[in-house]
Amino acid sequence: MKKCSFTLIALFVTAAMLFGGRAFASDPVLIGISKIVAHPALDAIEKGVQEVVKNQYPDARFDLQNANGEMSTASSIAQKFKSQNVTLAVGIATPTAQALVNTLKDRPVIYSAVTDPAGAGLVASTDKGEKNVTGISDMTPVKAQIELLNRIKPIETLGHVYTSSEANAVSLANIAREVCREMGIKFVETTVSNSAEVKQAVQTIAGRVDGIYISNDNTVVSALAAVASVAKKYKIPVMSADPSSAQTTPVLAAWGHDYYKMGRATGRLVNRILKGEKPETIATIFMTDASDVDLLINLDVANELGLIFPEDVIEKANTIVEDGKLIKQ
């Protein structure tokens, strides 16, 4: 009898060694994905994550949630994921990532499209993760974006609309303000708390600016059509940090991340965690490769504004809008 008991114990120990921690190889994988709003860039991340994870875990299930720009909803989604006992959660954009990290203490949370993870309190440093927390940043090249706009049309006063409650938007506004100070450009800013306020906010500054800069602020980007509408009325060029939304919304130019690629990178990170890698050992991933960034220029908008893109900018562009058509280069 004792020999049989020892044999059983040995078998259990061996099984524990082979499937230590969460037994991802045999347990059903349920991944909760929470995004702050629905717009092309964040939708592309969501799509990319699912594709990559499904490739490695064909039976994986996803609970896709949209907070519709409301922090209270983001918190409710996090509580839902907790009660569902999700295997892992992905927070797309800063507010939803913060809600997940604050609620899910006992399972991995991966953030994606978070501009300033340390500033948002998700990690102490981007040099490493925290217990159960790591992810991908979408820090955007603010200075290069403003310099490009200024090159296409010399700017004396730059307008900027951002969401006062989004940590990423505040961080980027601070950077844009400093860039304008260095370049000798007057900076006119206004804030919003939700997407319904964006059009009115742009209207309040439109008569005082000769250019508008939109960062990867999810609330404002979700209302980019309203920004473009006011800008067209006042004949103001708009530089956006989101090429995805600019494919269907007429802004002069958009220079930023390919969010579908970011979604796939997030999916690869999810797979690493599912295979047993510890989030705290993984530094924040920055999408800095040239292939991770896209430049879109809109020749139709340029014609309406009487502007001409320099030849080297046209050659550098990944996507061109001309005669209402998208041309990929």
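All residue numbers in this chain count up from 1 along the given sequence.
At distances below 3.5 Å, not a single donor-acceptor pair connects side-chain atoms of Gln56 with backbone N or O atoms of Val52. Between the side chain of Thr266 and the backbone N or O of Met262 there is at least one donor-acceptor pair closer than 3.5 Å. Although no hydrogens or angles enter the test, the distance criterion places no donor-acceptor pair under 3.5 Å between the side chain of Ser34 and the main chain of Gly91. Side-chain N or O atoms of Lys54 include one that pairs as donor or acceptor with a backbone N or O of Ala60 at under 3.5 Å. Under a 3.5 Å cut-off, the side chain of Ser171 and the backbone N or O of Asp116 do not form any donor-acceptor pair. One N or O on the side chain of Glu130 and one on the backbone of Ala124 form a donor-acceptor pair closer than 3.5 Å. The closest donor-acceptor contact from the side chain of Asn194 to the backbone of Ala196 lies under 3.5 Å. At least one donor-acceptor pair closer than 3.5 Å links the side chain of His257 to the backbone N or O of Met139. Side-chain atoms of Asn132 come within 3.5 Å of backbone atoms of Lys105 as a donor-acceptor pair (strictly under, hydrogens ignored).
Looking at every heavy atom in both residues, Pro243 comes nearest to Ala254 through CA-CB, 3.7 Å. The two residues Ile146 and Cys180 make their nearest non-hydrogen contact at CD1-SG, 4.4 Å. Between Ser137 and Thr115, the shortest heavy-atom contact is OG-O, 3.0 Å. Shown here for Ile155 and Ile185, the closest heavy-atom pair between the two residues is O-CG1, 3.5 Å. Here the closest heavy-atom approach between residue Ala113 and residue Ile45 is recorded as CB-CD1, 3.5 Å. Heavy-atom minimum distance, Leu42 versus Ile92: CD2-CG2, 3.6 Å.
You'll find the side chain of Asp63 stays beyond 4.5 Å of the side chain of Val86, heavy atoms only. Residues Leu158 and Leu149 form a side-chain contact, since some pair of their non-hydrogen atoms from C-beta on lies under 4.5 Å apart. Considering only heavy atoms from C-beta on, Pro279 stays 4.5 Å or farther from Val133 through its side chain. The shortest distance between side-chain heavy atoms of Thr73 and Asn68 does not fall below 4.5 Å. You'll find the side chain of Leu30 stays beyond 4.5 Å of the side chain of Phe81, heavy atoms only.
When the shell of 6.0 Å around CD of Glu156 is examined, it contains 12 or fewer heavy atoms from other residues, nucleotides or ligands. Heavy atoms from other residues, nucleotides or ligands lying under 6.0 Å from NZ of Lys80 number more than 12. Within a 6.0 Å radius of NZ in Lys153, more than 12 heavy atoms belonging to other residues, nucleotides or ligands are found. Counted within 6.0 Å of CD1 on Ile308, heavy atoms from surrounding residues, nucleotides or ligands total 12 or fewer; the atom is thus considered open. Counting heavy atoms of neighbouring residues, nucleotides and ligands inside a 6.0 Å radius, atom NZ of Lys261 exceeds 12 of them.
From Thr249, atom OG1 reaches atom CG of Leu296 across 10.5 Å, with rounding to the nearest 0.5 Å. Atom CD of residue Glu304 and atom NZ of residue Lys232 lie 5.0 Å apart, to the nearest 0.5 angstrom. The OG1 atom of Thr134 lies 5.5 Å from the CD1 atom of Ile282; values are rounded to the nearest 0.5 Å. In this structure, Met239 CE and Ile297 CD1 are separated by 10.0 Å, a value rounded to the nearest 0.5 Å. Ile36 contributes atom CD1, which lies 6.5 Å from atom CE of Met71 (distance to the nearest 0.5 angstrom). Expressed to the nearest 0.5 Å, how far NZ of Lys143 lies from CD of Glu178 amounts to 9.5 Å.
Listed by chain and residue number, Trp255, Leu295 satisfy the side chain to side chain contact (heavy atoms under 4.5 Å, CB included) test with Lys316 (two or more places apart in sequence, or in another chain). Scored by the ring-ring contact (aromatic ring centres under 6.0 Å, His included) test, Phe62 finds no partners at all (sequence neighbours excluded). Take Arg272 and apply the side-chain hydrogen bond (donor to acceptor under 3.5 Å, both in side chains) test, not counting sequence neighbours, and it matches Glu277. Residues that satisfy the side chain to side chain contact (heavy atoms under 4.5 Å, CB included) test with Asp323, not counting sequence neighbours, are Asp300.
Checked for salt-bridge contact, Asp43 and Lys35 meet the test: a charged N lies under 4.0 Å from a carboxylate O.
When hydrophobic clusters are built by joining Ile, Leu, Val, Met, Phe, Trp and Tyr residues whose side-chain heavy atoms come closer than 4.5 Å, directly or via intermediates, Val90 is grouped together with Tyr57. Val301 and Val321 fall into different hydrophobic clusters, where Ile, Leu, Val, Met, Phe, Trp and Tyr residues are linked whenever their side-chain heavy atoms come under 4.5 Å apart, directly or through other members. Placement of Tyr260 and Leu64 in two distinct hydrophobic clusters is found when ILVMFWY residues are connected by side-chain heavy-atom separations under 4.5 Å, directly or transitively. Follow the hydrophobic side-chain contacts under 4.5 Å out from Ile175 and you reach Leu148 in the same cluster. Follow the hydrophobic side-chain contacts under 4.5 Å out from Val123 and you never reach Phe286; the two are in separate clusters.
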Checklist entry - Does the pair Asp138 and Met287 meet the rule for a side chain to side chain contact (heavy atoms under 4.5 Å, CB included), with working shown? => result CA-CA 7 Å; Asp138 66 344; Met287 307 286 286; over 6 Å; no
Checklist entry - Leu122 and Gln98: side chain to side chain contact (heavy atoms under 4.5 Å, CB included), yes or no, with the steps? => result CA-CA 7 Å; Leu122 298 174; Gln98 289 172 320; 3.9 Å; yes
Item to check | Full working for side chain to side chain contact (heavy atoms under 4.5 Å, CB included) between Gln247 and Leu326 | outcome: CA-CA 7 Å; Gln247 290 187 12; Leu326 284 174; 3.6 Å; yes
Next on the checklist: Could you walk me through whether Asp258 and Asn318 satisfy the side chain to side chain contact (heavy atoms under 4.5 Å, CB included) test, starting with their C-alpha distance in whole Å, then the side-chain angles of each, then the deciding distance to 0.1 Å, before giving a yes or no?
Outcome noted: CA-CA 10 Å; Asp258 182 323; Asn318 305 90; over 6 Å; no
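Side-chain contact check for Tyr111 and Thr284: at least one donor-acceptor pair (N or O, by modelled atom type) lies under 3.5 Å. Looking only at atom types and distance, the side chain of Thr140 has a donor-acceptor partner in the side chain of Gln145 under 3.5 Å away. Residues Tyr259 and Asp242 have side chains that never bring a donor and an acceptor to within less than 3.5 angstrom of each other. For the residue pair Arg268 / Asn271, no side-chain donor-acceptor distance below 3.5 Å is found, with atom types taken as modelled.
Hydrophobic cluster of Val227: the remaining members, joined at side-chain heavy-atom separations below 4.5 Å, are Val161, Val188, Val192, Val198, Val202, Ile205, Val209, Ile212, Ile214, Val220, Val221, Leu224, Val230, Tyr234, Ile236, Val238, Val251, listed by chain and number.
Listed by first then second residue, pairs satisfying ring pair (Phe, Tyr, Trp, His ring centres under 6.0 Å) with a partner in residues 143-190 read His160-Tyr162, His160-Phe187, His160-Tyr213, not counting sequence neighbours.
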